[in-house]
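Note that the numbering runs from 1 along the sequence shown for the chain.
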Amino acid sequence: MKATSEEVIALSGATAALVAVLIAAIGAVLALFGQDEVIRFHGALFLIAAVAAGYYVLAHPREGGADEQAHYMDGPIKVATIAAVVWGLVGFLVGDIIAWQLAFPALNLDLPWTNFGRLRPVHTSAVIFAFGGNVLLATSFYVVQRTSRARIAGFWAPWFVIWGYQLFIVLAASGYVLGVTEGKEYAEPEWYVDLWLTLVWVVYLFVFLGTLWKRKEPHIYVANWFYLAFIVTIAMLHIVNNLSVPVSFLGAKSYSLFSGVQDAMTQWWYGHNAVGFFLTAGFLGIMYYFIPKRVERPVYSYRLSIIHFWSLIFLYIWAGPHHLHYTALPEWAQTLGMTFSIMLWMPSWGGMINGLMTLSGAWDRLRTDPVVRLLVVSVAFYGMSTFEGPLMSIKSVNSLSHYTDWTIGHVHSGALGWVGMVSFGAIYCLVPWLWKRRGLYSLKLVEWHFWTATIGIVLYISAMWVSGITQGLMWRAYDNLGFLKYSFVETVEAMHWPYIIRATGGLMFVVGGVLMAINVWRTIRGETSSDIADQPASAAAPELRHAIAATPAE
């Protein structure tokens with residue numbers, strides 16, 4: 001006999017409660033019997049989070065029925081949007097603190113919890129996975145529902161993805177501060193945190209696929225292609241790169257399944273494709289939805305977007321070996337990575353052109369709408385950083401640039417300029433749409449945010465270009481007798497003023513983030529400002545646009 005909708009809903013709630021009980025049991029075991037302080041602390045966090053989730057599920061039964069299915073599910077998206085703003089501020093601030101530590105080492109405070117070595121992975125994980133990850137969760141759940149004309153699959157599953165991901169962030173960051181790390185770039189969490197993220201990510205994939213499966217729109221919009229490629233590929237990268245053997249199932253420490261050059265190759269296959277699929281493909285999904293929606297124009301060339309997609313995902317996966325030039329990696333593998341990196345110029349610039357040309361007929365919006373300016377400048381930074389990256393993969397250039405601050409400048413031109421700016425633009429679009437507002441609290445604050453962030457980025461990457469090239473030239477300088485001309489300490493001294501300029505630029509970026517947080521908070525509260533009439537109709541929630549269009553102009 002076919003189950004009724006009420007029975008299915010009850011089963012869903014019972015399943016969610018059972019999962020919470022299982023997680024609580026595992027957390028209790030780790031908290032009580034863990035072999036080190038960190039895993040006991042993390043076990044307690046698992047226990048607390050599971051008990052809170054189980055209580056909430058039992059105390060808030062679903063109503064279900066046709067009314068629920070008739071509306072989009074925006075609750076998890078709201079949580080992820082707010083989390084992105086909060087984690088963004090944390091990540092930006094910690095990044096600027098460690099930038100000042102490089103200029104003034106005394107700021108390490110001679111404490112284990114505040115030194116550069118522990119705070120640096122807190123910064124990278126916070127800005128990439130906490131800020132960027134929550135932006136991707138929020139936008140992907142929003143976009144897949146609207147472009148599919150279908151409510152998101154599941155009920156408790158999307159909530160599990162969002163809150164489970166926040167738990168992962170807390171576990172990872174607290175582990176770094178307490179000195180627990182695998183020592184892998186962009187993959188520092190220990191084995192049990194990796195397992196938790198794997199569970200969350202698999203549920204994320206099923207929710208996204210389930211929404212596409214139940215879509216009422218026969219066509220799958222290209223933004224969803226990029227989101228799906230990002231979700232599937234990151235799952236594969238995460239699982240393979242984090243294959244490890246725990247010393248004990250009740251201890252935090254583990255050792256990688258790989259060793260030597262195989263471990264290095266696996267790490268940079270993961271590391272570069274974390275950039276390629278987490279920080280590029282996912283955010284291209286944002287570009288392909290939010291720029292057309294904000295400027296109210298169709299994508300410039302849908303055919304180009306498909307070519308962009310398939311060429312990008314095929315080429316990017318092979319580019320990792322360019323991080324290992326002049327190492328023990330076989331020469332053919334290094335050359336392969338360099339070759340595919342250079343080939344990436346074509347799809348990357350094809351995507352940039354597609355994003356910029358979407359403004360055809362709407363270029364005036366750059367002057368009047370700072371949110372559009374954020375989105376478009378992000379695409380320009382995408383083009384610049386995807387030109388510089390292939391250039392730096394060429395062996396003769398790499399011999400100068402690698403291991404220097406030039407690489408740091410390159411990463412941040414993409415991270416701050418591309419990922420940061422497109423994320424800010426998406427957040428400024430999402431908040432009025434989700435909370436049913438006429439527009440943002442203030443476009444003037446967006447304007448200030450745009451200029452402080454842009455100037456900060458320019459200061460940052462310019463200082464790192466100067467610093468990096470100076471380092472490279474000093475390291476390879478020889479005197480008449482064939483000895484190194486400069487000691488390492490002398491190269492560090494030469495970096496002092498570029499580091500101060502870099503940290504100043506970072507501080508400006510933090511200020512921009514604070515302005516965004518104020519604007520978002522006041523928009524959510526429903527406050528209005530004097531410039532609300534100047535905001536475009538596309539800034540308003542879709543439910544309000546018809547009323548705005550029907551209102552006669554003064």
Looking at [Y], is its backbone amide N or carbonyl O close enough to the side chain of [X] to form a donor-acceptor pair, meaning the two atoms are under 3.5 Å apart?
X      : Y      : value
Glu182 : Tyr255 : no
Tyr326 : Lys395 : yes
Asp36  : Ile39  : yes

Between Arg146 and Asp74, does at least one N-O distance fall below 4.0 Å, as a salt bridge requires? yes
With the threshold set at 4.0 Å, does a side-chain nitrogen-carboxylate oxygen contact exist between Arg118 and Glu188? no
Please check if any side-chain donor atom of Gln166 sits under 3.5 Å from a side-chain acceptor atom of Asn134, or the reverse. yes
With the side chain counted from C-beta on, respond yes when [X] and [Y] share a heavy-atom pair under 4.5 Å apart, and no when they do not.
X      : Y      : value
Ile317 : Met236 : yes
Leu312 : Leu284 : yes
Ile457 : Ser413 : no

Ring centre gap for [X] and [Y] strictly below 6.0 Å:
X      : Y      : result
Trp225 : Phe309 : yes
His308 : Phe226 : yes
Phe340 : His322 : no

Minimum-distance pair of heavy atoms, taken over all atoms of Met508 and Gly456: CB-CA, 4.0 Å
Between Tyr499 and Arg502, is there a cation-pi geometry (under 6.0 Å to ring centre, at most 45° from the normal)? yes
Parallel, tilted or perpendicular for Tyr165 and Trp201, by the 30°/60° rule? tilted
With sequence neighbours excluded, residues passing side-chain hydrogen bond (donor to acceptor under 3.5 Å, both in side chains) with Thr523: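 Partners of Thr523 by the side-chain hydrogen bond (donor to acceptor under 3.5 Å, both in side chains) criterion come out as none, since no residue qualifies.
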My understanding is that only residues two or more places apart in sequence, or in another chain, count here; which of them pass side-chain hydrogen bond (donor to acceptor under 3.5 Å, both in side chains) with Tyr204? Ser140
Show me the donor-acceptor pairs, under 3.5 Å and distance only, between side chains in residues 418-428 and residues at least two apart or in other chains.
residue: Trp418; atom: NE1; partner: Leu279; partner atom: O; Å: 3.0
residue: Ser423; atom: OG; partner: Val419; partner atom: O; Å: 2.6
residue: Tyr428; atom: OH; partner: His449; partner atom: ND1; Å: 2.7

Under the criterion ring pair (Phe, Tyr, Trp, His ring centres under 6.0 Å), I'd like the reasoning laid out for Phe92 against Phe509: C-alpha separation, chi angles, the key distance, then a yes or no. CA-CA 7 Å; Phe92 304 154; Phe509 201 82; 5.1 Å; yes
Given the options Trp163, Phe168, Phe160, Trp196 meets ring-ring contact (aromatic ring centres under 6.0 Å, His included) only with Phe160
